[in-house]
Structure formats: structure tokens, C-alpha cells
Amino acid sequence: MSIQVLKPKFHVDECLAQVRECLEKGWTGSGFKTAELEQRWKEYTGHANACYLNSNTSGLHLAVDILKRRYGWQDGDEIISTPITFVSTNHAIMYEGMKPCFADVDRYLCLDPVDVEKKIGRRTRAVIFVGYGGRVGQLDKILEICKAHGLRLILDAAHMAGTRVDGVFPGTWDGVDATVYSYQAVKNLPTGDSGMICFADAELDAQCRMLSWMGINKDTYSRTDHQGTYKWNYGVDHLGFKYNGNAIMAGIALAQLPYLDEENAYRRKLCAIYDEAFSQNEKIHIIEATHKEECAYHIYELAVPDREGLLAELAKHEIYGGVHYRDNTEFSMYRYAQGTCPVAHEISQHLITMPLHLYLTEDDVRKIAGIVNGYVV
Ligand SMILES: *Cc1c(COP(=O)(O)O)cnc(C)c1O
């Protein structure tokens, strides 16, 4: 049996029961299951607000859009971001006519506070922090920097479903304006595609609900006296988007959520086996994590001298590694920033993602680690 780098595990019977309920009720759109999921997510994470969306990408876009409106940011203003991420993070900035200003990464492959501070300029308005692989990195220091310079902070928590620090979800820390989770097909809480945005501020959450549903203002309609009549009346004051989540995806998330913590604990167990196996190999650089015991470990990364060679060696054994991520400044879209993040650029050529998922046994991981240690000498 071949081993894939990522493989989602679905609790099929529970998922199907949820979907069946939606189909029998004849309600697959927003509302019903989506409201229940928002409530459960708030209870699970401690976030004050939660708005269910069709993806994390939509959520990142809405975070930038809504903060831009609130704080009067202009086109061409800058948001500091990381080059080591899925392009969604940086596209979200571009959707709003703003400009990603790339800061370098630290040894957790998260934004380096020292370089972030250096990159702050006259037009800097915010920072988007990616909790790479579920890691928290130096988010606490970035938060302090944002406070000191009056910058807003968006947390791209696509990898962080379940990550805590001393029992607390870092997205709930004071000073994080918006936290955006992904429930995309291979993330730790997989659905088909969907995500959750959690604003600290209830007014921004309300605005997000309106903008994620075409800018339809339901206040108009709740103000109208429509006792016993079809509630047809509403206003549209803004150019909103079709970004809402649906009941089918929410049902799958509801079925998966009760297992998330135990599944993350299993991921940590597998990572500890990798850590142990590679700790003696001087040629292998393990990407560390702060708060390892509470990290959701979406992906497990190594930096090795010959990444392509190792990928090919693993493939001979039908084991498939991956690469997360290419330095975004290598893409033509972001080429303007080439050379601004030397650490990210160098390490991204050596990064390899080891298989990590819930179908792997501890023996599988030992076997994979053995092959890696046999090749990287
Ligand atoms: C997956 C991912 C996204 C996008 O999430 P979607 O739900 O697929 O839109 C954004 N940022 C990072 C770091 C991701 O890994």
C-alpha cells in the first residue's frame, strides 16, 4: 500500500447521518447546521464570534476587506505577510488592492518578529500571521509589535484547528482582530471545502455576515413588520460576496469535530516518533514547534540537503512526500519582493513534508524515518 503525504480521515457513518438529515429536511444551504456549527465552534475554541464560510480564502479576503473599511485603509497600503504559505494568504491582500510586504521567517517557519519590525513602513496597516503547520511560533511577540505600532493583526489559522497555548486558542488572545480557520479537504478538520472566521469585535462579525451573503442587509427585513407573512423584504447597501457556508459541509464538520482533539493528539504522537528518529542525524534539520504538547501539527516538515533526491528515494518505496511551500516571491505575481526574505528563500528549497495523517501507524512512521535516515547521510 502506498503512503500519501496527507490523507483525511472521515467518520463516514456520522457524516452520512448529518448529510441525510439535511437532505430529508430539504435544507442544504445556510442556516440550520451552519448556525449549530458556529455555536459549537465558539464553545470549542472560546472565540466570542464565529461566521461560517465556504473557505478560509474567502475568510482572509473578508478580514482584509472589513478591516480596510473600518480603519479607512487605502489602495496601495501594505500588509506584512509571509512568503512561506499557501498563496491564499497573499492573494487576500491583493483582492483589496493592497500590497503584501514580505517579512522573513524564523526557525518555526513563522513570521520572524525582528524582520517584521524592520519591514514596518509609512503605509503598513496590518500583519497576517500564518500558524505554519499548526505552530504558534512567536505570535506573542508579533502581537506586541502590532500593538506598539498600531497595526491590526489577522491570524491565518488554516493549519491551527485545535492548537492551544496553555489550554487557550491563540486566536482568542487580546489583540488578534480576526482568526480564519480552514476546513478544506485535507486540513485537520476536513469537510469538502469550508472555513470559519472569528472576529474579536461583534460589530465586525455582523458586517461579515452581511458581506458574506451578497451584502444583503437583513436588519431592514427584521425591522419590517412581516408578522405571519413571507419575509421577503431586505436591503442591499454593499457590494457583498457569495461566501457563505452551507449545511452539508457544516454537517460534516459537526460530525468530525468531536474527534479533533484525540486526532491531533495522535498526530503529535507520530511527530514525536519522527523527532526522536531524526534527532541524531546532523544532516536533517527538524522544523521545531513552540508548545509542542498542544500543537495541532497539520504538517511535519524537515529541511534536508537534497530534497528532490529524498522525494525520489521515498517514491521508490511508494511513499510520497510533499513540499509546503514554495517561497511565494518566486511566483511572477510576487516577484517584486524577490531577495527580501533570504531565510525563507534558502530553506524553501530544502523543505520536505513527511507523510502525516491518521491512517499511518507508529510502525509506518518508524519505517519512513528509517528510509530517510538511510538516505540522508
Ligand atoms: C489551506 C490554506 C489556506 C486556504 O484554505 P481554503 O479553506 O482552502 O481556502 C490558506 N492558508 C493556508 C496556510 C492554507 O494551508
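Note that these values count all heavy atoms, side chains included, but never hydrogens, waters or copies made by symmetry. Computed from a prediction, not measured in an experiment: that's the story for all the values here. Counting starts at 1 for both ligands and their atoms, following the listed order.
Near T89, the atoms of ligand 1 lying under 4.0 angstrom from a non-hydrogen atom of the residue are 11 (N). Residue S55 has at least one heavy-atom neighbour below 4.0 Å for each of these atoms of ligand 1: 7 (O), 9 (O). Taking a cut-off of under 4.0 Å to the non-hydrogen atoms of Q184, the atoms of ligand 1 that pass are 7 (O), 8 (O).
For atom 7 (O) of ligand 1, the nearest non-hydrogen atom of the protein is S182 OG, 2.7 Å. For atom 2 (C) of ligand 1, the closest non-hydrogen atom on the protein side is K187 NZ, 2.7 Å. The protein non-hydrogen atom at the shortest distance from atom 12 (C) of ligand 1 is A158 CB, 3.5 Å. Looking only at heavy atoms of the protein, atom 15 (O) of ligand 1 is closest to H159 NE2, 2.7 Å. In this structure, atom 11 (N) of ligand 1 lies nearest to the protein heavy atom D156 OD2, 2.8 Å.
The side-chain tip of K9 does not point at the ring of Y259 from less than 6.0 angstrom away and within 45° of straight on.
In summary, the side chains of S194 and Y52 do present a donor paired with an acceptor at a separation below 3.5 Å, with no hydrogens or angles considered. T329 and D327 share a donor-acceptor pair across their side chains, judged by distance under 3.5 Å alone. A donor atom on one side chain and an acceptor atom on the other are not found under 3.5 Å apart for D364 and Y359.
Residue-level proximity to ligand 1 for N56 is carried by backbone and side chain together, each with a heavy atom below 4.0 angstrom. Contact annotation: for T57 versus ligand 1, heavy atoms closer than 4.0 Å belong to both the backbone and the side chain.
Taking only nitrogen or oxygen atoms, main chain and side chain alike, T85 does not reach within less than 3.5 Å of ligand 1. Of the polar atoms of D193, none of the N or O atoms is found under 3.5 Å from an N or O of ligand 1, judged by distance alone.
Below 30°, between 30° and 60°, or above 60°: for H159 and H298 the angle between ring planes is between 30° and 60°, a tilted geometry. Using the six-membered ring where Trp is involved, Y44 and W41 have ring planes that are tilted, between 30° and 60° apart.
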For the pair E43 and Q39, evaluate side chain to side chain donor-acceptor pair (under 3.5 Å) and give the outcome as yes or no after the intermediate values. CA-CA 6 Å; E43 287 161 11; Q39 186 54 35; 3.1 Å; yes

Side chain to side chain donor-acceptor pair (under 3.5 Å) assessment of Y183 paired with Q256: CA-CA 10 Å; Y183 309 145; Q256 297 283 110; over 6 Å; no

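For Y325, the closest heavy-atom approach to ligand 1 falls below 4.0 Å.
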